[in-house]
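What follows is a short report on a single structure.
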Amino acid sequence: MSGDTPVRVAVAAAGATTCLAGSADATWASVRAGESGLGPLTLFEAGSTGRSGTVGEVAGLAGLTGGPRLAALAEAALTEALRQAEAAGVHRRELAEAWVTVGISLGDIFEQTGPDVELDHFWDDVAGRLGLTGPVVVLSSACSSGTDAVGYGADLVASGIAPVVLAVGVDSLEPGKYAGHSGLKTMSPDRCRPYDADGDGTTLAEGACALVLTAADRLPGIPFAELRGWAASTDIDALTSPDLSGEGAARMLRAALAMAGATPADVAHLNGHGSGTPVNDALEAAVYAAVFPERDVAVSGTKGALGHSLGATGAVEALLTAYALRERVAPPTAGLRAPHDRWAGAPVATGEAPLPLAADRPLGVSVTYGFGGANSCVVLTAGGAA
């Protein structure tokens with residue numbers, strides 16, 4: 001590391017529900033094993049879109065749509081996270097009164113036929129069932145929403161505003177979003193293959209992840225992980241396409257590393273956005289070359305395993321980056337057979353096996369890139385790392 005880290009925000013505990021599994025540990029185990037939770041669309045009719053009927057559906061939610069489905073996803077992730085947080089030494093009262101940051105893309109907003117509703121219209125049901133009474137802040141920055149919820153939550157802890165924050169990323173599969181992405185031709189006719197030479201689009205999914213954030217020195221033991229830096233930038237280049245020069249995204253990454261008191265040489269793992277679309281994959285390759293010119297940072301992506309869960313994806317991927325650092329491996333990139341030539345010379349984890357991480361590099365970076373040029377990232381270490 002290049003200097004003293006100014007901020008040590010702990011990830012005290014976490015919970016998740018994804019198309020692969022119903023818990024954080026089980027989701028990581030499946031991702032590490034190279035498994036994929038993508039399968040046939042059953043929630044609604046795909047219609048004559050010319051796109052694939054492959055998605056990432058969360059099991060066990062039969063009959064739930066709209067707000068109730070979003071509530072069930074968020075509640076599942078939070079229930080696990082709250083239980084784990086108490087075991088880690090966070091007091092139940094602090095959890096009940098914690099600030100909540102919710103990252104969500106469009107939720108079920110396209111399915112609303114009555115008066116306009118808030119993006120978190122489902123939250124009161126979740127809070128009531130779990131006994132949560134703290135302030136709620138909703139962030140919606142397209143695919144970067146979940147990452148921004150984590151970063152803003154870390155700001156609240158680091159500034160002393162909130163002793164404990166529940167950072168939640170959540171989104172559900174809905175017909176309106178499916179139709180919208182079909183119209184934009186962002187979905188693969190087959191399946192998401194991040195960074196692959198033949199990658200032709202993403203695969204939509206749903207899920208939720210909750211991270212319990214607090215100051216590292218408030219915990220009696222070693223935390224699950226620590227957030228050392230976070231940043232965001234906006235390209236404002238086009239309604240959906242990012243700035244392909246990657247300048248705004250590279251600036252964001254450098255700012256987050258500077259906050260962590262680190263340099264690119266301290267980074268072992270880059271958990272990429274890996275949406276599988278040719279445009280986003282080209283952007284990521286440009287950013288990687290600009291920020292990591294030595295091309296020695298292991299890269300992997302999880303959307304071939306979990307699909308693109310929009311507002312949830314940033315929180316889920318931050319969690320999986322923490323697991324990668326704890327076990328010192330970059331997990332396989334499910335669906336990736338042969339990396340595109342633009343990644344030549346870089347250690348990109350294919351779908352065959354995980355890659356070991358350099359032992360002398362403590363940091364991992366998780367990045368997300370959203371519609372409208374929304375770039376966000378978090379910099380993490382495993383709990384207790386120097």
Side-chain angles (χ1 to χ4, degrees), residues 9-18 21-27 58 60-61 63-104 107-108 117-140 145-146 148-172 206-216 218-221 223-225 227 311-312 315-316 318-319:
V9 176
V11 181
T17 185
T18 68
S23 72
D25 281 352
T27 294
V58 172
L61 303 178
L64 293 180
T65 60
R69 191 173 188 88
L70 285 163
L73 290 166
E75 185 175 351
L78 276 163
T79 298
E80 179 187 10
L82 294 170
R83 182 177 65 251
Q84 297 291 348
E86 279 198 71
V90 184
H91 196 276
R92 181 177 301 180
R93 178 181 56 79
E94 290 184 315
L95 293 168
E97 297 175 354
W99 281 64
V100 181
T101 56
V102 179
I104 185 169
D108 64 333
V117 297
E118 300 295 328
L119 283 172
D120 64 335
H121 65 94
F122 61 91
W123 183 256
D124 284 348
D125 289 340
V126 178
R129 287 195 289 267
L130 296 180
L132 304 178
T133 61
V136 180
V137 180
V138 181
L139 300 102
S140 188
S145 302
D148 287 336
V150 176
Y152 186 68
D155 268 334
L156 290 171
V157 171
S159 64
I161 293 174
V164 179
V165 172
L166 309 179
V168 181
V170 61
D171 231 324
S172 60
E206 61 186 354
C209 177
L211 305 181
V212 180
L213 309 181
T214 191
R218 298 182 75 249
L219 294 174
F224 175 76
L227 289 164
V316 172
L319 169 67

For the student: nearest non-hydrogen atoms of [X] and [Y], plus distance:
X: A16; Y: L319; result: CB-CD2, 3.9 Å
X: P68; Y: T65; result: CD-O, 3.0 Å
X: G67; Y: F122; result: O-CB, 3.6 Å
X: L70; Y: G107; result: CD1-CA, 4.0 Å
X: V170; Y: A74; result: CG2-N, 4.1 Å
X: L211; Y: A318; result: CD1-CB, 4.5 Å

pair L139-V102: side-chain heavy atoms closer than 4.5 Å: no

With side chains defined as the heavy atoms from C-beta onward, is the minimum distance between S140 and L119 less than 4.5 Å? yes

For A26, give me all partners under side-chain contact (heavy atoms from CB on, under 4.5 Å), at least two apart in sequence or on another chain.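 A21, S23.
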
Test side-chain contact (heavy atoms from CB on, under 4.5 Å) applied to A210 - qualifying residues, sequence neighbours left out: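 Once residues adjacent in sequence are excluded, the partners of A210 under the side-chain contact (heavy atoms from CB on, under 4.5 Å) criterion are A77, L78, A81, V168.
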
Donor-acceptor pairs under 3.5 angstrom involving side-chain atoms of residues 149-158: please list them, not counting sequence neighbours.
residue, atom, partner, partner atom, Å
D155, OD1, W230, NE1, 3.0

May I ask you to decide if I104's main-chain N or O and D171's side chain share a donor-acceptor pair within less than 3.5 Å? no

Strictly distance-based, threshold 3.5 Å: is any side-chain N or O of T133 a donor or acceptor partner for the main-chain N or O of A96?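 Side chain of T133 to backbone of A96: a pair is present.
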
Walk me through it: do V100 and V137 pass the test side chain to side chain contact (heavy atoms under 4.5 Å, CB included)? CA-CA 6 Å; V100 181; V137 180; over 6 Å; no

With sequence neighbours left out, which residue pairs that include part of residues 64-74 fulfil the salt bridge (charged side-chain N to carboxylate O under 4.0 Å, His left out) condition? R69-E206

Restricting to side chain to side chain donor-acceptor pair (under 3.5 Å), what partner residues turn up for [X], sequence neighbours left out?
X: E94; result: R218
X: R129; result: E75
X: T17; result: none

V212/L166 under side chain to side chain contact (heavy atoms under 4.5 Å, CB included): CA gap, chis, key distance, verdict: CA-CA 5 Å; V212 180; L166 309 179; 3.9 Å; yes

How long is the span from the CG atom in L132 to the CG atom in L82, to the nearest 0.5 Å?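 One finds 6.0 Å between CG of L132 and CG of L82.
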
Residue list, salt bridge (charged side-chain N to carboxylate O under 4.0 Å, His left out) with R83, at least two apart or on another chain: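 By the salt bridge (charged side-chain N to carboxylate O under 4.0 Å, His left out) rule, R83 matches no residue at all.
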
Selection residues 118-128 - residue pairs positive for side chain to side chain donor-acceptor pair (under 3.5 Å), sequence neighbours left out: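 Of all non-adjacent pairs touching residues 118-128, those that pass side chain to side chain donor-acceptor pair (under 3.5 Å) are D108-H121.
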
Using the test ring-ring contact (aromatic ring centres under 6.0 Å, His included), find all partners of F224 that sit at least two apart in sequence or belong to another chain. Y323

L213 vs V11, side chain to side chain contact (heavy atoms under 4.5 Å, CB included): CA-CA, chis, key distance, verdict: CA-CA 5 Å; L213 309 181; V11 181; 3.9 Å; yes

